[in-house]
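Here's the structure we're looking at; comments come further down.
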Number of protein chains: 2
Amino acid sequence: MPRRKQRTEDWRQVLRDAGLRGTSARIELLELLARSPRPLTHQEAVEGLPQVETDRSTLFRALQDLTSAGLVRRLDLGDRVWRYERVVATADAAGEAVPHPHLLCVDCGNITCLTDDDVQVKLPKRLGTVEDVLLKGHCADCKES
Amino acid sequence: MPRRKQRTEDWRQVLRDAGLRGTSARIELLELLARSPRPLTHQEAVEGLPQVETDRSTLFRALQDLTSAGLVRRLDLGDRVWRYERVVATADAAGEAVPHPHLLCVDCGNITCLTDDDVQVKLPKRLGTVEDVLLKGHCADCKES
DNA sequence: CTGTAGATGCAACTGAGTTGCAGAAAAATA
DNA sequence: TATTTTTCTGCAACTCAGTTGCATCTACAG
């Protein structure tokens, strides 16, 4: 575990590599998201960053910026609140984290990330083409109950 | 096709059977939803009922009431707006008795109702079970452009 | 060290949806 | 039909997530 200062510099570099300036709001936010085991809402991010005094709109914009820079992913899980999760760099050659299907558990609210191998969706072309898949149901932990 | 007056009385009866009073706002709303080939938002319902002068909140409440009475189904299609579609009691040919997959067009925002025959979703049981399917993509009208 | 593109704070705004309350209108009843 | 009871509606004010315009500030390239 690197020293605090060092971590900060690491995140700053991540931001800079993504073409964004390394401001404290973004650094703290990015670290919070990377630390979190689940996607966070804007509100949760505010609460998770008591040490950072930023305006609401700044944090909204930071989340937008991180999203369009590809550092985090924005999820709409059907409860009318955006959630953001750190995009974990995959072993993908291009280094791009590709969108994948999600399963939203209607019991516990957890999200299960799925692969295209897990879910096979077929839609006749005449009806349209599919970009993203959201399943609602019972996750592995809840399905037996 | 029954006369206008007759239709109104039919809908009034449907409402009464569901334990709701047959007010003009609800009758017109229910008929609009029954006529619509796709789920409607509150806003779309307002626009679809220019002849009905109701307060916004009344229509919101009417949609709530119809939903809790089981006459319509409320859908969250992930674009932060509730949509409502008529629930037909009998599994009629044209009716939409059971929940079914929907395709949300990311271009035009339109909703396409799908059947279980249109969409085949397979998810390994170890990952969970599926209750509802929401696809995001390009609808038939938008996909070529 | 400086100029500037980009980031921030502030305040005002949007848009969906909710709520409290008084008055109005269905339905029930007499 | 008239009266009472119950439910619904209109209004206005509110919440909550998110956005926007603009003046100011700052990270960082040169």
Side-chain angles (χ1 to χ4, degrees), chain A residues 5 8-30 39-49 51-69 71-84 109, chain B residues 5 8-30 39-69 71-72 74-84 104 109 111:
Chain A
K5 186 67 180 306
T8 293
E9 288 310 311
D10 288 348
W11 289 123
R12 186 188 306 278
Q13 194 54 49
V14 169
L15 286 165
R16 311 241 26 237
D17 291 348
L20 298 173
R21 290 192 174 174
T23 67
S24 62
R26 287 173 177 172
I27 292 170
E28 299 280 349
L29 176 58
L30 196 48
L40 299 179
T41 64
H42 167 267
Q43 186 54 39
E44 289 167 337
V46 170
E47 290 160 6
L49 298 172
Q51 76 280 16
V52 181
E53 282 191 21
T54 25
D55 189 67
R56 275 165 21 90
S57 62
T58 299
L59 211 40
F60 271 117
R61 281 190 273 229
L63 288 165
Q64 277 178 5
D65 297 340
L66 295 183
T67 301
S68 49
L71 297 176
V72 307
R73 180 181 300 121
R74 191 172 76 165
L75 304 174
D76 190 329
L77 299 177
D79 58 353
R80 352 181 64 58
V81 184
W82 291 122
R83 280 162 205 276
Y84 301 83
Chain B
K5 185 67 182 303
T8 293
E9 287 311 311
D10 288 348
W11 289 123
R12 187 188 304 279
Q13 195 53 49
V14 170
L15 286 165
R16 309 239 30 236
D17 291 348
L20 297 173
R21 290 191 174 174
T23 66
S24 61
R26 287 172 177 171
I27 291 170
E28 299 280 349
L29 176 58
L30 196 48
L40 299 179
T41 64
H42 167 266
Q43 185 55 37
E44 289 167 336
V46 170
E47 291 160 5
L49 296 173
Q51 75 281 13
V52 181
E53 281 192 20
T54 24
D55 189 67
R56 275 166 18 91
S57 62
T58 298
L59 212 40
F60 271 117
R61 281 191 274 227
L63 288 165
Q64 276 177 5
D65 297 339
L66 296 183
T67 301
S68 48
L71 297 177
V72 308
R74 190 172 78 164
L75 304 174
D76 190 330
L77 299 178
D79 59 351
R80 3 190 44 66
V81 183
W82 292 122
R83 283 163 203 273
Y84 300 83
L104 169 63
I111 306 301

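All figures in this text were calculated on a predicted structure; none of them were measured in a lab. Letters A, B, ... are given to chains in the order of the sequence lines, protein chains preceding strands, and every chain is numbered from 1.
- The environment of CD in B/E53 is sparse: at most 12 heavy-atom neighbours from other residues, nucleotides or ligands sit within 6.0 Å.
- The shortest distance between side-chain heavy atoms of B/T54 and B/L49 does not fall below 4.5 Å.
- Contact check, A/Q64 against D/dT19: a side-chain N or O comes under 4.0 Å of OP1 or OP2.
- Comparing C/dT8, C/dA27, D/dA12 by their closest approach to the side chain of B/S57 singles out D/dA12.
- Residue-to-nucleotide proximity on DNA chain C shows that, of A/A25 and B/R74, the 5′-proximal contact is made by A/A25.
- With the nearest nucleotide of DNA chain D identified for both B/T23 and A/G22, B/T23 has the one nearer the 5' end.
- Side-chain proximity of A/R21 to the nucleotides D/dA17, D/dG10, C/dA5 is greatest for C/dA5.
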Tell me, with the steps shown, if A/E47 and A/Q43 meet side chain to side chain donor-acceptor pair (under 3.5 Å).
CA-CA 6 Å; A/E47 290 160 6; A/Q43 186 54 39; 3.0 Å; yes
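- As rounded to whole Å, 16 Å separates atom C1' of C/dG15 from atom CG of B/L59.
- Distance, A/F60 CZ to C/dC13 P: 18 Å, rounded to whole Å.
- Nearest to the side-chain atoms of B/Q43 among the listed nucleotides D/dA17, C/dA16, D/dC28 stands C/dA16.
- Rounding to whole angstrom units, CZ of residue A/R12 and P of D/dT26 are separated by 14 Å.
- For the pair A/T23/A/L15, no side-chain contact is recorded, criterion being any heavy-atom separation below 4.5 Å from C-beta on.
- Below the 3.5 angstrom threshold, one finds no donor paired with an acceptor across the side chain of A/R80 and the base of D/dA17.
- Taking only side-chain nitrogens and oxygens, B/T41 never comes nearer than 4.0 Å to OP1 or OP2 of C/dA16.
- The nearest whole Å value for the distance from the CD atom in B/E28 to the P atom in D/dC8 is 17 Å.
- Rounded to whole angstrom, the span from the CG atom of A/L40 across to the P atom of D/dA17 amounts to 14 Å.
- With a 4.5 Å cut-off on side-chain heavy atoms, A/L71 and A/D65 do not count as touching.
- Scanning atom types as modelled, one donor and one acceptor separated by under 3.5 angstrom connect the side chain of A/R56 and the base of D/dG18.
- The base of C/dT18 does not come close enough to the side chain of B/R61 for any donor and acceptor atom to sit less than 3.5 Å apart.
- Atom CG of A/D65 and atom P of C/dT8 are 8 Å apart (whole Å).
- As rounded to whole Å, 15 Å separates atom C1' of D/dA17 from atom CG of B/D79.
- Atom CD of A/E53 and atom C1' of C/dC10 are 14 Å apart (whole Å).
- With the nearest nucleotide of DNA chain C identified for both A/T58 and B/L20, A/T58 has the one nearer the 5' end.
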